[in-house]
Chemist: 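Attaching a single structure in structure tokens format; questions to follow.
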Amino acid sequence: MLSLVQLYQLLLDFYGYQGWWPVDEGYHTAKGTDPRDEIIIGAVLTQNTAWRNVEKALENLKKYGELSLEFIRQVSTKELEELIRPSGFYRLKAQRLKHVAEFFNPTDVVEKVSREGLLKVKGIGKETADAILLYAGGRLSFVIDAYTKRLFKRLYGLDVGYDDLKSYVEENIPKDLTIYKEFHALIDEHAKAYCKSTPRCGGCFLKNFCLSAVPSS
DNA sequence: CCCCAGGGACATT
DNA sequence: AATGTCCATGGG
């Protein structure tokens with residue numbers, strides 16, 4: 001069967017470099033805000049939400065406030081709700097952002113916080129914790145999401161819980177930050193494009209490797 | 001009209 | 001441990 005490294009290479013060849021949340025590429029330096037703050041905030045806002053809606057909220061924060069955890073601490077909950085409204089679940093997420101911003105106040109550095117610590121924060125579950133650790137903290141913590149579960153179940157017949165799947169992936173790919181970040185992003189791209197709720201196996205370049213590919217459709 | 005999106009907390013069985 | 005419900009805006 002297709003190894004995870006082979007799968008990664010095929011996805012990368014097909015979709016190209018995704019570059020989610022590039023901390024080291026300087027796109028953030030315009031206003032001097034910490035890119036890690038933006039990633040942490042984005043990780044909460046994108047919970048069960050399309051990224052295009054999150055972008056609207058991030059733009060509002062940039063335009064009418066500041067895309068930083070310090071601003072999240074300062075602003076009133078009511079105003080924060082209005083700024084992030086386009087991202088959906090806005091009252092819930094305003095509370096979560098407040099909790100997260102408080103967790104990192106003032107000296108907790110994302111490069112050093114523990115996964116267990118993050119998981120104690122109201123509003124941070126396993127996926128959000130791993131996304132923060134990986135993309136903001138530069139830590140080798142692979143992110144599992146609904147897309148990953150769906151793809152691995154169909155492709156490999158692998159149907160296990162979050163931590164088991166996370167461990168499985170981590171044990172079968174190189175311990176490389178770029179690969180961790182890109183593999184997760186590429187899996188999401190493929191799940192959105194082909195391995196959807198109702199899969200489009202017809203045009204899928206992985207169908208010959210897939211346990212559950214439908215011959216036509 | 002429908003379904004879904006880069007989930008998580010909490011209640012129920 | 002597994003499943004159900006709620007949270008909410010914006011697109012397809």
Side-chain angles (χ1 to χ4, degrees), chain A residues 8 11-12 15-23 35-61 64 67 77-103 115-137 139 141-154 158-166 169 178-200 217:
Chain A
Y8 170 69
L11 290 170
L12 184 57
Y15 295 103
Y17 177 74
Q18 299 299 303
W20 281 11
W21 288 327
V23 176
R36 297 170 297 179
D37 282 16
E38 176 167 347
I39 293 167
I40 292 165
I41 293 166
V44 171
L45 293 181
T46 198
Q47 290 171 350
N48 201 40
T49 300
W51 184 251
R52 58 176 178 272
N53 289 347
V54 177
E55 287 183 312
K56 299 175 191 294
L58 294 178
E59 284 305 313
N60 283 343
L61 287 170
Y64 302 106
L67 200 42
T77 299
K78 195 62 190 173
E79 187 175 346
L80 181 57
E81 288 177 357
E82 291 312 312
L83 290 173
I84 68 171
R85 182 189 277 271
S87 72
F89 305 133
Y90 62 91
R91 286 185 296 220
L92 185 62
K93 286 175 178 174
Q95 290 301 323
R96 291 183 177 178
L97 285 177
K98 284 286 189 182
H99 291 141
V100 173
E102 225 27 72
F103 172 76
R115 188 171 190 258
E116 294 70 32
L118 279 173
L119 289 174
K120 287 178 185 168
V121 180
K122 293 291 184 187
I124 297 188
K126 291 174 178 177
E127 181 183 341
T128 306
D130 289 330
I132 289 172
L133 289 170
L134 177 61
Y135 291 97
R139 312 265 289 276
S141 192
F142 196 79
V143 181
I144 305 296
D145 60 4
Y147 291 143
T148 313
K149 290 177 184 168
R150 189 166 74 203
L151 179 64
F152 278 69
K153 181 175 181 179
R154 287 179 180 161
L158 204 53
D159 188 13
V160 297
Y162 189 102
D163 290 317
D164 286 336
L165 187 53
K166 172 184 172 71
V169 174
T178 301
I179 293 179
Y180 271 52
K181 292 179 181 177
E182 277 299 299
F183 195 24
H184 171 68
L186 288 164
I187 287 168
D188 280 21
E189 280 308 301
H190 187 63
K192 280 190 272 195
Y194 291 96
C195 207
K196 306 155 81 85
S197 300
T198 53
R200 302 172 46 206
S217 87

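The sequence lines fix the lettering, A, B, ..., with proteins before strands; numbering per chain opens at 1.
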Chemist: Please give me the minimum heavy-atom distance between A:Ala57 and A:Leu45, naming the atom from each residue.
Modeler: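 Answer, listing the atom of A:Ala57 first, then A:Leu45: CB-CD1, 4.0 Å.
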Chemist: If the plane angle is over 60° it's perpendicular, under 30° parallel, otherwise tilted; pick one for A:Trp20 and A:Tyr135.
Modeler: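 The arrangement is tilted - the two ring planes meet at 30° to 60°.
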Chemist: Restricting to non-hydrogen atoms, name the atom on A:Gly123 and the atom on A:Gln47 that form the minimum distance, rounded to 0.1 Å.
Modeler: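 Heavy atoms of A:Gly123 and A:Gln47 come nearest at O-NE2, 2.9 Å.
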Chemist: Given atom CZ of A:Arg96 and atom P of C:dC6, what is their separation to the nearest angstrom?
Modeler: 16 Å
Chemist: C1' atom, B:dC1 versus C:dC7: distance in rounded Å?
Modeler: 22 Å
Chemist: Have a look at A:Ser87 and say if it touches a base, only the backbone sugar-phosphate, or nothing, with a 4.0 Å heavy-atom cut-off.
Modeler: nothing
Chemist: Provide, to the nearest angstrom, the distance between the CG atom belonging to A:Asn53 and the P atom belonging to C:dC7.
Modeler: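 Taking atom P of C:dC7 as the reference, CG of A:Asn53 is at 18 Å.
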Chemist: Parallel under 30°, tilted from 30 to 60°, perpendicular over 60°: which one fits the rings of A:Phe142 and A:Tyr180?
Modeler: perpendicular
Chemist: Rounded off to whole Å, could you give me the NZ-to-P distance for the A:Lys196 and C:dG12 pair?
Modeler: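 Distance check: A:Lys196 NZ to C:dG12 P gives 11 Å.
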Chemist: So if I take residues 118-131 of chain A and measure heavy-atom distances to DNA chain B, which residues fall below 4.0 Å?
Modeler: A:Val121, A:Lys122, A:Gly123, A:Ile124, A:Gly125, A:Lys126, A:Glu127, A:Thr128
Chemist: By nearest heavy atom, map A:Phe89 and A:Lys56 onto DNA chain C; which one lands nearer the 5' end?
Modeler: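 Result of the comparison: A:Phe89.
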Chemist: One pair to check against salt bridge (Lys or Arg N to Asp or Glu O under 4.0 Å): A:Glu82 and A:Arg85. What are the steps and the verdict?
Modeler: CA-CA 5 Å; A:Glu82 291 312 312; A:Arg85 182 189 277 271; 3.2 Å; yes
Chemist: Could you state the atom-to-atom distance from CD of A:Gln47 to P of C:dA8 in whole Å?
Modeler: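 Value for this atom pair: 12 Å.
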Chemist: How many whole angstroms separate atom CZ of A:Arg91 from atom P of C:dC6?
Modeler: 14 Å
Chemist: Quickly work out the A:Trp51 CH2 to C:dG12 P distance and round it to whole Å.
Modeler: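 Checked: the CH2 to P distance equals 18 Å.
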Chemist: If you compare all heavy atoms of A:Leu186 against all heavy atoms of A:Leu11, which two are closest, and at what distance to 0.1 Å?
Modeler: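 A:Leu186 and A:Leu11 have their closest heavy atoms at CD2-O, 3.7 Å.
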Chemist: Taking heavy atoms of chain A and a 4.0 Å limit, find me the 5'-most and 3'-most nucleotide of DNA chain B within that range.
Modeler: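 Taking any atom under 4.0 Å from a heavy atom of chain A, the span is B:dC4 to B:dC10.
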Chemist: Could you walk me through whether A:Asp130 and A:Tyr162 pass the side chain to side chain donor-acceptor pair (under 3.5 Å) test, one step at a time?
Modeler: CA-CA 11 Å; A:Asp130 289 330; A:Tyr162 189 102; 2.6 Å; yes
Chemist: Between C:dA2 and B:dG6, how far apart are the P atoms? Round to whole Å, please.
Modeler: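 Their P atoms lie roughly 26 Å apart.
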Chemist: Between A:Lys166 and A:Thr148, does any side-chain donor sit less than 3.5 Å from a side-chain acceptor?
Modeler: no
Chemist: P atom, C:dA8 versus B:dC10: distance in rounded Å?
Modeler: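 Approximately 15 Å lies between the P atom of C:dA8 and that of B:dC10.
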Chemist: Does a side-chain N or O of A:Arg52 approach OP1 or OP2 of C:dG10 to a distance below 4.0 Å, or not?
Modeler: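 Looking at the OP1 and OP2 atoms of C:dG10, neither is under 4.0 Å from any side-chain N or O of A:Arg52.
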Chemist: Rounding to a whole Å, what distance do you find between A:Leu92:CG and C:dC7:C1'?
Modeler: 6 Å
Chemist: Output the rounded distance in Å from NZ (A:Lys93) to C1' (C:dC6).
Modeler: 14 Å
Chemist: With a 4.5 Å limit on heavy-atom distance, are the side chains of A:Lys181 and A:Gln18 in contact?
Modeler: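 Not touching, per the 4.5 Å side-chain cut-off.
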